[in-house]
Protein chains: 2
Amino acid sequence: MLLQNPTKQAAVTTADKVFEQLQFAIVEGEMAAGSKISEPELAKHYQISRSTLREALNRLEKCHLIERKPNVGSRVVNCTIEGLLELYITREALEGMACRQAALNMTDEEIAHMQDMLTQHAGDKALQDGVAYYQEKGDLDFHYKVILGSHNKQLIELICGQLYHLIRMYRCQFGMNSPRASRAFDEHSRIIQAIADRDGELAEMLMRRHIAASRKNIENKIAKEMAQKEQNKIQLIKS
Amino acid sequence: MLLQNPTKQAAVTTADKVFEQLQFAIVEGEMAAGSKISEPELAKHYQISRSTLREALNRLEKCHLIERKPNVGSRVVNCTIEGLLELYITREALEGMACRQAALNMTDEEIAHMQDMLTQHAGDKALQDGVAYYQEKGDLDFHYKVILGSHNKQLIELICGQLYHLIRMYRCQFGMNSPRASRAFDEHSRIIQAIADRDGELAEMLMRRHIAASRKNIENKIAKEMAQKEQNKIQLIKS
DNA sequence: TTAAGTATAATTGTCGACAATTTTTAATTT
DNA sequence: AAATTAAAAATTGTCGACAATTATACTTAA
């Protein structure tokens with residue numbers, strides 16, 4: 001599914017390439033969350049030296065996909081419910097502000113382009129009952145465009161370069177293709193409207209609500225899963 | 001002046017120690033902003049191998065104090081007015097949210113402790129016409145307490161672990177010991193009040209205004225300096 | 001049998017050297 | 001003299017080996 005972030009340039013050095021592969025492996029769950037990373041083992045697997053691997057590990061650490069302890073080693077980051085909620089709260093703050101800045105700083109061309117994109121997505125959506133597709137690609141496209149539209153390097157780097165790797169990881173690990181597609185689509189078009197009106201305050205508020213709604217949706221889903229598990233346990237005891 | 005961030009643990013590895021020294025050198029301006037970094041030279045200066053130095057450079061890159069281009073090298077980050085404004089906008093978003101979370105998550109003990117701190121600062125302030133001291137240590141103490149009070153690891157890591165290094169750098173480089181001490185003090189006490197009232201919405205709004213006011217203060221100062229320079233230029237031409 | 005201590009093995013941190021790439025310098029041509 | 005090209009120097013990326021630290025296995029004592 002790829003869906004790489006739009007800010008990064010092509011990987012030139014081998015450490016970069018290995019970084020990308022590892023990133024993919026972690027996000028997709030091929031490397032289990034929380035598992036220990038053996039430098040000699042991984043280096044052998046990718047047929048590179050430990051120095052090069054460590055360079056790649058440093059980049060993984062930069063986007064919070066692994067955690068390192070001095071003299072002990074690295075672990076793939078753990079996906080917890082608390083972590084997910086903390087992540088979404090941070091995202092709400094950053095992307096909310098990015099959206100406000102986008103309303104102030106986007107060029108008319110950029111706005112027009114984003115409106116086109118949404119129209120096109122609307123077509124796709126109608127075409128294929130629009131759940132799966134819109135959820136994945138369309139959603140990310142929209143959010144990336146807004147973030148880049150802020151024209152704020154600091155925000156762009158923090159959100160695209162760091163936060164979104166983790167978000168994608170959580171999405172994969174927790175299997176989050178939530179059924180909010182059509183509602184999300186409406187929210188997106190309202191946000192674009194606010195940006196087109198150059199109404200930064202409203203744009204920020206709508207984006208924050210949009211992300212908060214997504215967060216609450218996840219909370220509910222997890223709560224249900226927990227209840228389901230509990231139910232299964234009871235069933236098991238009875239039998 | 002030190003003022004190290006409160007989240008980091010003692011440096012155990014030599015790369016860590018060199019990282020701290022370099023961080024200090026960059027923030028204080030001993031290494032000029034925008035200047036090129038020579039790995040062989042720096043390694044020789046600190047009497048370490050290039051591998052170790054590169055490990056330190058990776059940490060510097062993590063907190064955005066240097067920038068690296070593959071196959072070209074590293075440069076100390078450049079302090080521009082645009083960068084400063086972008087930084088403060090990001091800070092407003094993150095610390096605003098941290099303040100909201102602090103209002104929800106701080107323990108009563110933590111709040112009491114913060115109130116004590118402010119009272120003590122009030123004393124210090126009265127004692128010594130309270131400009132210099134409060135501006136530096138008191139201000140940072142307050143902000144760190146609020147951020148940690150959010151109990152949100154993601155926010156804490158982003159703000160304390162990354163953003164604040166840059167903020168300290170800008171403060172040093174642009175000589176920002178602005179005369180907002182007494183007003184800042186009042187703003188701080190209102191924020192604490194909102195936190196004590198568990199009013200997250202108000203707490204966030206006050207923190208955002210507090211930071212925005214600081215940003216505008218800097219904008220004004222820089223505008224004045226620009227005007228002064230212009231004046232000098234005219235004077236020079238006349239003579 | 002469990003707990004503590006010790007020896008062994010494995011892992012991480014650091015080092016110096018070589019390879020690949022870029023920058024600088026010099027030479028050549030227009 | 002300026003621009004283009006080629007060679008040389010310097011810098012970054014990568015490698016394998018050793019040192020320091022941590023984790024494991026084993027022995028010994030309570």
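The chains referred to below are lettered A, B, ... by the order of the sequence lines, with proteins before strands, and numbering in each begins at 1.
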Query raised in the report: NA contact type, A/L53, heavy-atom cut-off 4.0 Å: base, sugar-phosphate, or nothing?
Result: nothing
Query - Distance test, side-chain N/O of A/R68 to OP1/OP2 of C/dT11, below 4.0 Å - result: no
Query raised in the report: Distance check: side-chain N/O of A/R54 vs OP1/OP2 of C/dG13, anything under 4.0 Å?
Result: yes
Query - Point-to-point distance, once rounded to the nearest 0.5 Å, from CZ of A/R100 to CG of A/L155 - result: 12.0 Å
Report task. Check every strand shown and say whether A/I37 touches a base, only sugar-phosphate, or nothing at a heavy-atom separation below 4.0 Å. Result -> sugar-phosphate
Requested in this report: Could you check how far CG of B/L57 sits from P of D/dT11, rounded to whole Å?
Outcome: 14 Å
Requested in this report: Just compare C/dT11, D/dT12, C/dC15 and give me whichever is closest to any side-chain atom of B/K36.
Outcome: D/dT12
Query raised in the report: To the nearest Å, how far apart are B/K69 NZ and D/dT11 C1'?
Result: 15 Å
Query raised in the report: Within the structure, does a side-chain N or O atom of B/T52 lie under 4.0 Å from either OP1 or OP2 of C/dC15?
Result: yes
Report summary line: Which of C/dT14, D/dC15, C/dT22 is nearest the side chain of B/V72? It is C/dT22
Query - Atom-to-atom span, CG of B/N71 to P of C/dT22 - whole angstrom - result: 5 Å
**Report entry** N/O donor-acceptor pair, side chain B/S51 with base C/dG13, under 3.5 angstrom
**Finding:** no
Query raised in the report: How long is the span from the CG atom in A/L84 to the CD1 atom in A/I89, to the nearest 0.5 Å?
Result: 10.0 Å
Report task. Return the value, rounded to whole Å, for the distance between atom CG of B/L42 and atom C1' of C/dT14. Result -> 17 Å
Report task. May I ask you to decide whether A/E157 forms a salt bridge with A/K153, counting only side-chain N to carboxylate O separations under 4.0 Å? Result -> no
Query raised in the report: Side-chain N or O of B/R50 less than 4.0 angstrom from OP1 or OP2 on D/dA10?
Result: no
Query raised in the report: B/Y46 has an atom OH; how far is it from atom C1' of C/dT14, in whole Å?
Result: 18 Å
Report summary line: Residue pair A/Q47/A/P70 against DNA chain D: nearer the 5' end by closest nucleotide is A/Q47
Report summary line: With the side chain defined as heavy atoms from C-beta on, A/I48 is closest, among C/dT21, C/dT11, D/dC15, to D/dC15
Query raised in the report: Hey, is the side chain of B/T14 poking within less than 4.0 Å of OP1 or OP2 on C/dT14, counting only N and O atoms?
Result: yes
Query - Whole-Å gap separating P (D/dG16) and CD (A/E39) - result: 15 Å
Query raised in the report: Please give, in whole Å, the distance from D/dA20 P to B/K17 NZ?
Result: 13 Å
Query - Spacing between A/E55 atom CD and C/dG13 atom P, to the nearest angstrom - result: 14 Å
**Report entry** CD (A/E30) with more than 12 external heavy atoms under 6.0 Å
**Finding:** yes
Query raised in the report: Does B/Y164 have its ring centroid less than 6.0 Å away from the ring centroid of B/Y144?
Result: yes
